[in-house]
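Everything below concerns the one structure shown next.
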Amino acid sequence: MRFTVTEQDAPGVSFDYEIVFVMEDNIANTADSEALLLAGFGKGSCLDMPGSRRVYVSIKNTEPDTIRRAIAKAVGALKGHQVKSIRMPHMKASLNDDITPALTAIAEAFVLSDYHFDKYMTKKYEPRLEEVFISVSGCDFATARAALEKGRIMAEAANYARAIGNEFPQVFRPQEMTAEAEKLAEGYETMTVESFGRDYLTEQGMNAFLAVNQGSPYEAQLIHVTYKPAGAAKGTVCFVGKGLTYDTGGVNLKSNPYKMKSDKCGAAAALGIVKAAADLGLPFEVHAVLGMTENMIGCHAIKPDDIVTARNGVTIEINNTDAEGRLVLADCLSWAQDMIKPDLIIDMATLTGAVVVGVGKYTTGVLGNSYALMDAFKKKAQASGEFYTVLEGNCYLEPALDSKVADVRNSFSGTPGGATLAALFLDRFIQDEYKDKWLHLDIAGPAYSEDAWGYNPAGATGIPVRGCLYYLMAD
C-alpha cells in the first residue's frame with residue numbers, strides 16, 4: 001500500500017473512491033447531505049454511497065484515534081469493492097496545529113485495518129487497495145511523507161506480531177520462533193540473534209523456566225534479539241516476552257484450552273518492537289528476550305507441590321501449574337538484568353485472567369514499582385490508541401506470596417487482586433537497582449480477541465507493539 005502526498009485538488013490525480021469525514025453537527029454541508037439525512041446518517045454512522053463513489057464517516061473530532069477508528073469503518077464498508085485507490089479528506093495545518101500525528105494515524109489505520117490471517121485458507125484474501133492520496137497544506141511534503149512512513153512501519157510491525165500470534169501450535173513451536181527471529185535478523189545489518197536450549201538453561205540455573213518445559217517434547221528456547229544502531233545515544237531498552245506456544249495448563253488442566261496459541265503474544269510483540277526499531281532507525285539499543293516453551297501434561301510434567309529454584313536463587317513452591325508464565329518470566333527477567341544490563345526493562349505477557357476481570361478485555365494493565373514510570377508510560381503509550389491502566393500494589397498484599405515450604409508460591413487461588421499479585425511475584429526477581437526501571441504489561445485482555453474491534457481483527461491484535469513504540473519515541 002502506497003501513501004501519496006498531494007496538493008489540495010491537485011490536477012491529474014485519479015482515484016476510485018473518496019473517504020469523507022463528517023463532523024457530527026455538520027451534516028448539512030456535505031455534497032450528499034440530502035441523501036445522508038434521508039438515510040438517517042448521524043452520530044457514529046458510516047455510509048457507503050457507490051453512486052457518488054464516496055464513503056461517509058461521522059466523527060466527533062479530529063484526534064488521531066478518532067481518525068484511526070473512522071478509517072477502519074470506511075475500510076470495512078469498502079471490503080468487497082474493486083477499489084484500488086482512495087482519496088482522503090484535505091489535511092490542513094494552521095499556525096499552531098501539527099497535523100503529523102493525524103497523518104501517522106491515517107497510515108496506521110489503513111495498514112492495521114487491511115490485515116488478514118488467511119495463510120491456511122484455500123480461498124485467500126486478495127488486497128485490492130494499492131494507493132491512498134492525502135492532500136496537505138501548512139506542512140511540507142517531506143514532513144508529511146515521514147509521518148505517514150512512521151505510521152506504516154509501526155502498523156506493519158503490529159501486523160508482524162499478529163501473524164506470529166495467530167500461528168497454531170501444531171506448526172509453531174519454540175524452535176519455529178528461533179527460526180523466525182533468525183529470518184528477521186537476516187534483513188538488518190543492525191540486528192543479531194542468539195538462541196539457547198536446555199543445556200544452556202540448565203547451566204544458568206533457569207529451573208523455573210525449565211520446569212514449565214518438562215512436559216513438552218519440544219526443547220525450550222531462550223531467544224535474544226538485539227538491535228544496535230551505530231552510535232545509540234539514548235540508552236538500552238530490553239523487552240522480555242512470554243512465549244508459550246501452547247498452554248494446556250499442565251496438571252492443573254484448563255477447562256477449555258482453546259485459543260491458547262495466543263499465549264505467545266507477548267514474545268511476538270517484543271519481536272515486533274525490535275523489527276520496528278530497526279525500520280525506524282531508533283537511537284536506542286533495543287533488546288528482545290523471548291522465553292519460548294509449551295506447557296503440557298504428561299509423565300514428566302511439573303506437578304503441584306514441586307519446588308523449583310529460580311536463576312536468582314529464590315525457591316518457588318508450585319501450587320498451580322497453570323500459573324506458568326510468571327515462572328518463565330522470572331528466569332528471563334533475571335537473565336536480562338545480568339546479561340544485558342539495560343537502562344529500562346519492560347516485560348509483556350498474557351499473564352492473568354484477573355486483569356481482564358479488573359479492567360476489561362480491551363485494556364493492558366501497567367504494573368511496577370515506580371508510579372512515575374508507570375504513569376509516564378501510560379500517558380505516552382496511549383497516544384497509539386491502545387488502552388492502558390496503571391495498577392498499584394501495596395505492602396499488605398505481599399504476605400499472600402509467602403509459602404510455608406519455600407520462599408514464594410506461584411499462585412494465590414482465592415485471593416483477590418490476581419494481576420497485582422502476579423506482578424508482586426515477578427518483583428521478587430527484580431534486582432534492587434532495577435526496581436524503578438522495570439515495567440510489567442499484562443496484556444491478557446487485548447492481545448487476542450474472538451471478535452474484531454476498532455481497527456483490530458479477530459485473533460491476535462499486535463498489542464502492545466505500537467504503544468511501546470509511541471512511548472520510546474515520545475521524548
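Along the sequence shown, the residues carry numbers beginning at 1. Note that these values count all heavy atoms, side chains included, but never hydrogens, waters or copies made by symmetry.
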- [ ] Check whether any side-chain N or O of Ser58 sits under 3.5 Å from a backbone N or O of Gly42 as a donor-acceptor pair, and report yes or no.
- [x] yes

Open item on the list: For Arg311, is there any backbone N or O sitting under 3.5 Å from a side-chain donor or acceptor partner on Asp331?
Closed with: yes

Task: Gap separating the CZ atom of Arg428 from the OG atom of Ser334, nearest 0.5 angstrom - done: 15.0 Å

Open item on the list: Within this structure, what is the OH-CD distance for the pair Tyr246 and Glu294, rounded to the nearest 0.5 Å?
Closed with: 9.5 Å

TODO: Examine the side chains of Ser449 and Asp451 and answer whether a donor and an acceptor come within less than 3.5 Å of each other.
DONE: no

- [ ] Find the distance between CE (Met177) and OG1 (Thr245) and round it off to the nearest 0.5 Å.
- [x] 9.5 Å

TODO: Any chance you could measure Lys73, atom NZ, to Ser45, atom OG, to the nearest 0.5 Å?
DONE: 7.5 Å

Task: Distance in Å, Thr363 OG1 paired with Leu391 CG, rounded so as to fall on 0.5 Å steps - done: 10.0 Å

- [ ] Side-chain contact test, heavy atoms from C-beta onward, threshold under 4.5 Å: evaluate it for Ile346 versus His440 and give yes or no.
- [x] no

Open item on the list: Pairing donors with acceptors under 3.5 angstrom, does anything connect the side chains of Trp438 and Asp427?
Closed with: no

Open item on the list: Checking His90 against Ser137 for the side-chain hydrogen bond (donor to acceptor under 3.5 Å, both in side chains) test, could you report, in this order, the C-alpha distance in whole Å, the side-chain angles of both residues, the deciding distance, and whether it holds?
Closed with: CA-CA 8 Å; His90 174 62; Ser137 59; 2.9 Å; yes

- [ ] Before accepting this row, confirm whether a basic side-chain N of the pair Glu167/Lys264 lies closer than 4.0 Å to the acidic partner's carboxylate O.
- [x] no

Task: Under 3.5 Å donor-acceptor, Arg409 side chain and Asn320 backbone - done: no

Task: salt bridge (Lys or Arg N to Asp or Glu O under 4.0 Å) partners of Arg68, counting only residues at least two apart - done: Asp65, Glu108

- [ ] Answer yes or no: are there more than 12 heavy-atom neighbours, outside Lys79 itself, under 6.0 Å from its atom NZ?
- [x] yes

Task: Heavy-atom closest pair, residues Thr100 and Cys139 - done: CG2-SG, 4.4 Å

TODO: Apply ring pair (Phe, Tyr, Trp, His ring centres under 6.0 Å) to Phe377 and Tyr471, showing your working.
DONE: CA-CA 6 Å; Phe377 179 88; Tyr471 173 73; 5.0 Å; yes

TODO: Would you give the length of the straight line joining atom CD1 of Ile134 to atom CD1 of Ile106, rounded to the nearest 0.5 angstrom?
DONE: 5.5 Å

Task: Tyr388 and Glu386 side chains, donor-acceptor separation under 3.5 Å - done: yes

- [ ] May I ask you to check whether Tyr115 and Asn456 show a side-chain donor-acceptor distance below 3.5 Å?
- [x] no

Task: Distance-minimising heavy-atom pair for Ala157 and Ala276 - done: CB-CB, 3.6 Å

Open item on the list: For the residue pair Tyr56 / Asp48, report whether a side-chain donor-acceptor contact shorter than 3.5 Å exists.
Closed with: no

Task: Donor-acceptor contact below 3.5 Å, side chain Asp347 vs main chain Val240 - done: no

Task: Any donor-acceptor N or O pair under 3.5 Å, side chains Gln431, Asn312 - done: no

Task: Main-chain N/O of Ile463 paired with Thr461 side-chain donor or acceptor, under 3.5 Å - done: yes

Open item on the list: Check Lys242 with Glu324, please: is the shortest side-chain N to carboxylate O separation under 4.0 Å?
Closed with: yes

- [ ] Output yes when Arg2 and Glu131 qualify as a salt bridge under the 4.0 Å nitrogen-oxygen rule, no when they do not.
- [x] yes

- [ ] Using modelled atom types only, decide if a donor and an acceptor are shared between the side chain of Asn159 and the backbone of Val111 within a distance under 3.5 Å.
- [x] yes

TODO: List in chain and number order the residues that pass salt bridge (Lys or Arg N to Asp or Glu O under 4.0 Å) with Asp343, two or more places apart in sequence or in another chain; answer none if no residue qualifies.
DONE: none

TODO: State, to 0.1 Å, how close Thr62 and Ile59 come at their nearest heavy-atom pair, and which atoms those are.
DONE: CG2-CD1, 4.3 Å

Task: Shortest non-hydrogen contact from Ala158 toward Arg466 - done: CB-CG, 4.3 Å

Open item on the list: When you measure from the side chain of Glu180 to the backbone of Glu176, do you find a donor-acceptor pair of N or O atoms at a distance under 3.5 Å?
Closed with: no

Open item on the list: Could you check whether any side-chain N or O of Asn319 sits under 3.5 Å from a backbone N or O of Ser411, counting only pairs where one atom can act as donor and the other as acceptor?
Closed with: yes

Task: Lys261 (side chain) donor-acceptor with Asp247 (main chain) under 3.5 angstrom - done: no

Task: Side-chain donor-acceptor pair present, Thr236, His287, cut-off under 3.5 Å - done: no

- [ ] Please check if the side chain of Thr104 supplies one atom and the backbone of Ala147 the other of a donor-acceptor pair under 3.5 Å.
- [x] yes

